[in-house]
Structure formats: C-alpha cells, structure tokens
Novice: 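Handing you a structure now.
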Amino acid sequence: MLFSILTLLAREALAAPSPLSIRADQASAEAYASTSDLNYKLSAVDAPVTGAVSTQRGNTSTWSLSIDDTEAGYKQTVSGFGGSVTDATVTVVNALPSDQRSQLLKELLTSDGGNLSLLRHTTAASDLSGPPAYTYDDNNSDADPNLDKFNLGDRGTAMASLLKEIKGIRSDVTIFGSPWSAPGWMRLNRYFVKYREAYAGLGVTIDAITIQNEPLNNQVNGHITMYQTADEAAKVTQDYIGSALNAVGLNTQIWAYDHNTNTPSYPQTVIDTASEYVQATAWHCYGGDLDWTVLTDFHNVNSSKSQYMTECWTSPQTSWYQSSKNTVGPLQNWAECSLMWTLGTWTETSDGTFGPYIEGGCSTCRGLFVVDQNAGTYEHTVDYYMLAQFSKYIPKGATILNSPGSYTYDGYSGVQSVASKNPDGTRTVVVENTFGNDVYLTLNTTSVTTWILP
C-alpha cells in the first residue's frame, strides 16, 4: 500500500483508493469522505501526499492500523453491496416521475453514484409490503399441490419488472430472493422452481435464494413469519428444494439460514445435511450482543462456503454509522457482501413511520433513499452515503486484505477499517471514525512509502 498516514475528520467514514506501489503510470491517490451531518457526501477531500510522519499534529489523538498487502494477507472476494428490493421499494420507485426514476436508479447502480451490485428481493410479501399479505399461490387457502394456481399477481409482476430494469442498467448485478412465508397450505414442494421459472419468463435471472427469511422468528401480531427448525430446513433443502432446482437445470445457489449470528449451529446443521446444494450462509445484524467474529469461526470450519450479511435495518432510531458498522464488521470476518434493509421507502410521516408496511411490520424502517410522494422527488439518507463509502470504492471482485488495528470501546467509540485489493490493481482503505474528535492515523503496510492525509 502507498498509505501509511491518514488524518480523518471527526465522525466520518472515509475511503481512499491508491495504487500498491510506485510505477510510472500510476494515478495519484484520492480520498473521499461522508460525515454524520452530511456536510460531506462522498465528497473529495485532500488527497494523501508522500512524506514523513508529521510532527505538527499537536495534541490530536493518534491511532495505528496495519494492512498486509501480500498474498498472505488476501482473504475473501467481494460479491457486492446493496439493499433489499421490497414491495415498498417497488411502490415508491414507481411513484416517481420518469426523469427522477431514471436518475435514482443510475445513482444507485452505477459508479456515478453508490455502485450497488448485490440486491435481495422479497419473494412475495414481507413486512414492508402494503396490505394484504400474499404469496404467489394463496388459492384461498385451498391446497394446490400441483401449483396450478401459481401466479405472481400484480405485485410480483411489478417486482419482476423493476428487477429487469435494474438488470438492464447493470447487467452484472447479483439478485437473490427470500420468502417471508410459503403459502399457508404448503410446506414441501416445487414452489421455488415455479417462482424461479416465472421470473425467468419475465426476463429476470434469480442468482440465489434463501429458503426462509429469519426462520427462527415466530413473531405474531401481523408480522409475516414462518418458523422453521434447522432440521426442517436441512431436510427441505436436501430432499426437496435443492434436488428440484437441479432436476430442471436451474443454476440457482442456495444460501442457508438468513438470520442472526447468535445461532450458528442452525446453518451448520443445514450444511452438514445438504452441503451439495448449499453454497453460502446468510446472516442478519440482530439478536442481542451482535458478534461478527462468529463469521470467522464459521469460516474456519466451513472455508469452502461463502458468507453474506444480508439484512440490517436502518432508521432514524439507528446511529449514523449503522450501515458502515454493519459493513466493516462483516467484511473483517469473511463476509462477501453487506445489504441494508430496505432500499427505498416513503419519506417520514407525521406519526414517525415510513412504509408502505403491513401492520405489525417495521413501520419505522427507513430506506437508503426516501421518496416524497407529493413532490415526486427523492433523497438519499445518511445510511446510503455511509454504505456507499464501501460500495463505490470497493468494487465487485475485490479481495479483502487482512488489516489488524481496529478497535472499539464501550458505546462503539473507536476506529474501524477494512482494506481491499481491487481488480484494476488499486487498493482501497475505508476507515470509520466514531470518536468525537479528529484522529491522526498511522497505517503500517508491507510497502515502504508513507502517505499523509492532512
């Protein structure tokens, strides 16, 4: 790395890409910052410059990070960053005038904006759908074992249409689907095959699925859930879904679990039973004392399986660093992606809710962007900018580097960082500073050049 010294503004996430070593045709280093008050929003800041460690830092706090940019330090390959395309997202995007809609999608998906490259879509209703709840084969609760009544309906078709448009803008975007519940009459059958084929018929390839969102969630009061034990999930994956997808030649990955880090035995049970059909494990950011090092422990046992952080809510009730905290932590621990819940909602209403949502669902979940229905406009939230500090500068296909030195005190006050080697040969370092003061940062690498970020 060409970085050794980075000086950060207080309360910011900062990304700084740079070439690995000095060469005649190298581009100059660059730096970009987003701050909690949004005075900086992916804004260019003073670039690192070569030089010795400054003696002019005065009483500024100091911090030391290290990066191993040799092959010994190479870790997982990044699959992307993004959010969940819910029915709420589809509704608010479709409410925009065509020019605003086109501009928004371009900002989300291309390097001109957040460069999002991995999206989760809800397979039928979630708690962020308008009422009533639905699946693709409700059939008035009558059994339909042959799926003769399978139908995406208006909302499923609208979802497929938006996903197709997204694929048209960014062809390499990865899309995976997660159901909140199967039809009430159903438990084991070819529902996933029909769903996958129906979307393909509308021009949308579903790259992966999880068989059940939050299978250990048994909330009531209107929240859409379907409780499923680990043994049940393992059997369904092995005997029904995995074999059914293979039988019809669908190259669709299965990601196990899709729930919190506090029960790693669940995905382990699924992998132990159905390893031939399971390519990855999906994790959420909830569940008591969140510990992303669970992913490292899981990797040490299942090194051939990928891991993804597939859901973390954002809201005015969460911190300004919610999306960065739950991206840097997973990346440090072998996750290949980080997704926020959800991509888009309405702007906040007078009662403090967003939506659309089903009663009993997450009424205070706020999207990475919000749409003002009356004005026909949108704006990105602080969570979008903090996530984009990673997604914009750590591209799909980048390799995460081993980078010790991050530490957080009680109350999540500290410095966290992640570094990557990018496909074009550049390196990116993203540093999150949650101290209430400036930090003079020393970055020790296997290179010999010192950079100072004033």
Novice: Answer yes or no for K325 and Y412: cation-pi contact, defined as NZ/CZ to six-membered ring centre under 6.0 Å and angle to ring axis within 45°.
Specialist: yes
Novice: Please report the closest heavy-atom contact between I209 and I206, naming both atoms and the distance.
Specialist: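 Closest heavy-atom pair between I209 and I206: CG2-CG2, 4.2 Å.
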Novice: Could you tell me whether the side chain of M226 reaches within less than 4.5 Å of the side chain of Q212, counting heavy atoms only?
Specialist: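 SC-SC contact between Q212 and M226 confirmed.
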Novice: Nearest heavy-atom pair of P423 and P395: which atoms, and what distance?
Specialist: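 For P423 and P395, the tightest heavy-atom pair comes out as CD-CG, 3.7 Å.
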Novice: I want to know whether F369 and Y384 have ring centres closer than 6.0 Å.
Specialist: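 No - the distance between ring centres of F369 and Y384 does not fall below the 6.0 Å cut-off.
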Novice: Count the heavy atoms belonging to other residues, nucleotides or ligands that lie under 6.0 Å from CG of N140, then report whether that count exceeds 12.
Specialist: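 Result for CG/N140: open.
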Novice: So D144 and D138, do their side chains get closer than 4.5 Å, heavy atoms only?
Specialist: no
Novice: Ion pair present between R120 and E311, side-chain N to carboxylate O less than 4.0 angstrom?
Specialist: yes
Novice: Is it the case that the side chain of T263 and the backbone of S265 share a donor-acceptor pair, with hydrogens and angles ignored and the cut-off at 3.5 Å?
Specialist: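 A pair under 3.5 Å: no.
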Novice: What is the minimum heavy-atom distance between V382 and S36, and which atoms define it?
Specialist: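 Minimum heavy-atom contact is CG2-O, 4.1 Å.
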Novice: Any sub-3.5 Å donor-acceptor pair from S161's side-chain atoms to T157's backbone N or O?
Specialist: no
Novice: Can you sort out the partners of D351 under side chain to side chain donor-acceptor pair (under 3.5 Å), two or more places apart, ordered by chain and number?
Specialist: T349, T353
Novice: Would you say that T310 contacts H284 through its side chain, given a criterion of any heavy-atom pair below 4.5 Å between the two side chains?
Specialist: yes
Novice: Taking all atoms of both residues into account, what is the closest heavy-atom pair of A256 and V270, and its distance?
Specialist: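 For A256 and V270, the tightest heavy-atom pair comes out as CB-CG1, 3.9 Å.
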Novice: Under the criterion side chain to side chain contact (heavy atoms under 4.5 Å, CB included), I'd like the reasoning laid out for I211 against T237: C-alpha separation, chi angles, the key distance, then a yes or no.
Specialist: CA-CA 8 Å; I211 69 170; T237 302; 3.6 Å; yes
Novice: Are any non-hydrogen side-chain atoms of E348 and V370 less than 4.5 angstrom apart?
Specialist: no
Novice: Please test Y393 against S420 for side chain to side chain contact (heavy atoms under 4.5 Å, CB included), starting from the C-alpha separation and ending with a verdict.
Specialist: CA-CA 9 Å; Y393 306 110; S420 68; over 6 Å; no
Novice: Does any N or O in the side chain of S338 come within less than 3.5 Å of the main-chain N or O of N326, such that one atom is a donor and the other an acceptor?
Specialist: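 Checked: pair present.
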Novice: Would you call the rings of H380 and Y378 parallel, tilted or perpendicular, where under 30° means parallel and over 60° means perpendicular?
Specialist: perpendicular
Novice: Is any side-chain heavy atom of I169 closer than 4.5 Å to a side-chain heavy atom of T110?
Specialist: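 Yes; the side chains approach each other to less than 4.5 Å.
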Novice: Within the supplied structure, the quantity of interest is the number of heavy atoms (other residues, nucleotides, ligands) at a distance under 6.0 Å from D142 CG; does it exceed 12?
Specialist: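 Buried by this count: over 12 neighbours within 6.0 Å.
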Novice: Determine, for D112 against R170, whether the closest basic-nitrogen to carboxylate-oxygen distance falls under 4.0 angstrom.
Specialist: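 Here D112 does not pair with R170 in a salt bridge, since their nearest N and O are not under 4.0 Å apart.
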Novice: For F354 versus C365, what's the shortest heavy-atom pair and its separation?
Specialist: CB-O, 3.3 Å
Novice: Anything under 30° is parallel, anything over 60° is perpendicular, the rest tilted; go ahead and classify F298 against W283.
Specialist: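 If you compare the ring of F298 with that of W283, the planes turn out perpendicular.
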Novice: Between H121 and Y195, is the ring centroid distance below 6.0 Å?
Specialist: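 Between H121 and Y195, the centre distance is under 6.0 Å.
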Novice: Answer yes if the ring centres of F150 and Y191 are under 6.0 angstrom apart, and no otherwise.
Specialist: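 Ring centroids of F150 and Y191 are less than 6.0 Å from each other.
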Novice: For residues L290 and C285, report the shortest heavy-atom separation together with the two atoms involved.
Specialist: CD2-O, 3.4 Å
Novice: How far apart are the C-alpha atoms of F435 and V415, what are their side-chain angles, what is the distance that settles it, and do they pass the side chain to side chain contact (heavy atoms under 4.5 Å, CB included) test?
Specialist: CA-CA 7 Å; F435 284 122; V415 172; 3.9 Å; yes
